[in-house]
Amino acid sequence: MASCVLVYDGECRLCLGTKQKLEQSLPPQSIPVTFIPYQSEEAKQALGSRYRSGRPEMAYLIEPSGFVREGLDAFLPLIARLPGGRLLVALARLPLVKQGLAALYRMVARHRYRWFGSVPLKP
């Protein structure tokens, strides 16, 4: 079974915590997810022209088909696999709710280092 690839910010404390929670919480029978830090050569190759040097502005989910989801949309397919996640994803289909969640995601992403801190990237 082909896996999805979640590209996350490997220097962001919030992002690392989210990655660890997802690894622990995703059901084993779901499509596997490979987690790679944005700061890796593997992420640079996987993202191609979407890759920019420096800190990423958002997370990316690369589906087995090659389709790339960004930001909030990168997490919705994963959240749907979690207990109670389908309800949140159903709510996120409502235009005003999705706009609000997307705005919240952008705000947290913009301030994540200030609010949650950073960690050195492990070699």
Side-chain angles (χ1 to χ4, degrees):
M1 181 183 304
S3 69
C4 292
V5 175
L6 182 70
V7 180
Y8 66 95
D9 185 347
E11 295 177 343
C12 165
R13 190 174 304 282
L14 172 66
C15 305
L16 285 170
T18 302
K19 170 202 171 270
Q20 290 170 347
K21 277 293 192 194
L22 285 171
E23 285 177 322
Q24 295 167 359
S25 303
L26 287 171
Q29 69 274 17
S30 67
I31 295 173
V33 179
T34 302
F35 297 87
I36 59 173
Y38 187 84
Q39 293 81 359
S40 68
E41 189 62 35
E42 189 177 1
K44 188 175 186 178
Q45 291 175 2
L47 291 171
S49 64
R50 286 182 163 85
Y51 186 87
R52 303 285 180 266
S53 62
R55 292 178 170 168
E57 293 181 16
M58 65 192 92
Y60 300 88
L61 181 71
I62 305 168
E63 296 181 353
S65 67
F67 183 74
V68 178
R69 296 177 183 271
E70 302 177 342
L72 174 66
D73 289 329
F75 289 99
L76 293 178
L78 302 178
I79 291 169
R81 301 178 195 174
L82 301 174
R86 288 185 181 188
L87 176 61
L88 180 59
V89 172
L91 289 172
R93 288 190 180 117
L94 300 171
L96 288 178
V97 174
K98 179 136 187 200
Q99 289 172 358
L101 289 172
L104 179 63
Y105 178 92
R106 287 189 304 271
M107 181 178 68
V108 171
R110 187 174 342 156
H111 300 287
R112 68 188 183 272
Y113 285 97
R114 184 177 324 136
W115 294 346
F116 302 98
S118 63
V119 294
L121 190 63
K122 293 180 184 177

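Here, residue 1 is the first one in the sequence, and each next residue gets the next number. Below, all heavy atoms of this structure are taken into account, side chains as well, without hydrogens, waters or symmetry copies.
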### Inter-residue atom distance Y105.OH - E70.CD, 0.5 Å rounding
9.5 Å

#### Entry: Residue pair K19, D9: steps toward the salt bridge (charged side-chain N to carboxylate O under 4.0 Å, His left out) verdict
CA-CA 10 Å; K19 170 202 171 270; D9 185 347; over 6 Å; no

### Message
Can you tell me how far apart CZ (R106) and CG (L101) are? Round to the nearest 0.5 Å.
### Response
10.5 Å

### Message
Tell me if the CD atom of E63 is crowded by more than 12 foreign heavy atoms within 6.0 Å.
### Response
yes

### Task
Would you mind reporting whether L61 and F75 have side-chain heavy atoms less than 4.5 Å apart?
no

### Query
Once you round to the nearest 0.5 Å, how far does CZ of R112 lie from CE of M107?
13.5 Å

## Note on the structure
Here the ring pair (Phe, Tyr, Trp, His ring centres under 6.0 Å) pairs for residues 12-56, sequence neighbours left out, are Y38-Y51

#### Entry: Sidechain-backbone polar pair: R13 side chain, S118 backbone, donor-acceptor under 3.5 Å
yes

#### Entry: Heavy-atom side-chain proximity of D73 to K98 below 4.5 angstrom
yes

### Task
Might you work through the side chain to side chain contact (heavy atoms under 4.5 Å, CB included) test for F116 and H111, ending with a clear yes or no?
CA-CA 8 Å; F116 302 98; H111 300 287; over 6 Å; no

### Task
For side chain to side chain contact (heavy atoms under 4.5 Å, CB included), just list the numbers for I36 and V5, CA-CA rounded to whole Å, side-chain angles, deciding distance to a tenth of an Å, and then say yes or no.
CA-CA 7 Å; I36 59 173; V5 175; 3.6 Å; yes

### Query
Does any non-hydrogen side-chain atom of V68 lie less than 4.5 Å from one of R50?
yes

### Task
Decide yes or no for L22 and V33: does some side-chain heavy atom of the first lie under 4.5 Å from some side-chain heavy atom of the second?
no

### Task
Examine W115 and L104 and state if one hydrophobic cluster contains both, with Ile, Leu, Val, Met, Phe, Trp and Tyr joined whenever side-chain heavy atoms are less than 4.5 Å apart.
yes

### Message
My understanding is that only residues two or more places apart in sequence, or in another chain, count here; which of them pass side chain to side chain contact (heavy atoms under 4.5 Å, CB included) with P37?
### Response
Y8, Q39, S40, L121

### Query
Can you tell me how far the CG atom of L76 sits from the CZ atom of R93, to the nearest 0.5 Å?
9.0 Å

Which donor-acceptor pairs under 3.5 Å do side chains of residues 77-91 form with protein atoms, sequence neighbours excluded?
| from | atom 1 | to | atom 2 | distance (Å) |
| --- | --- | --- | --- | --- |
| R81 | NH1 | I31 | O | 2.7 |

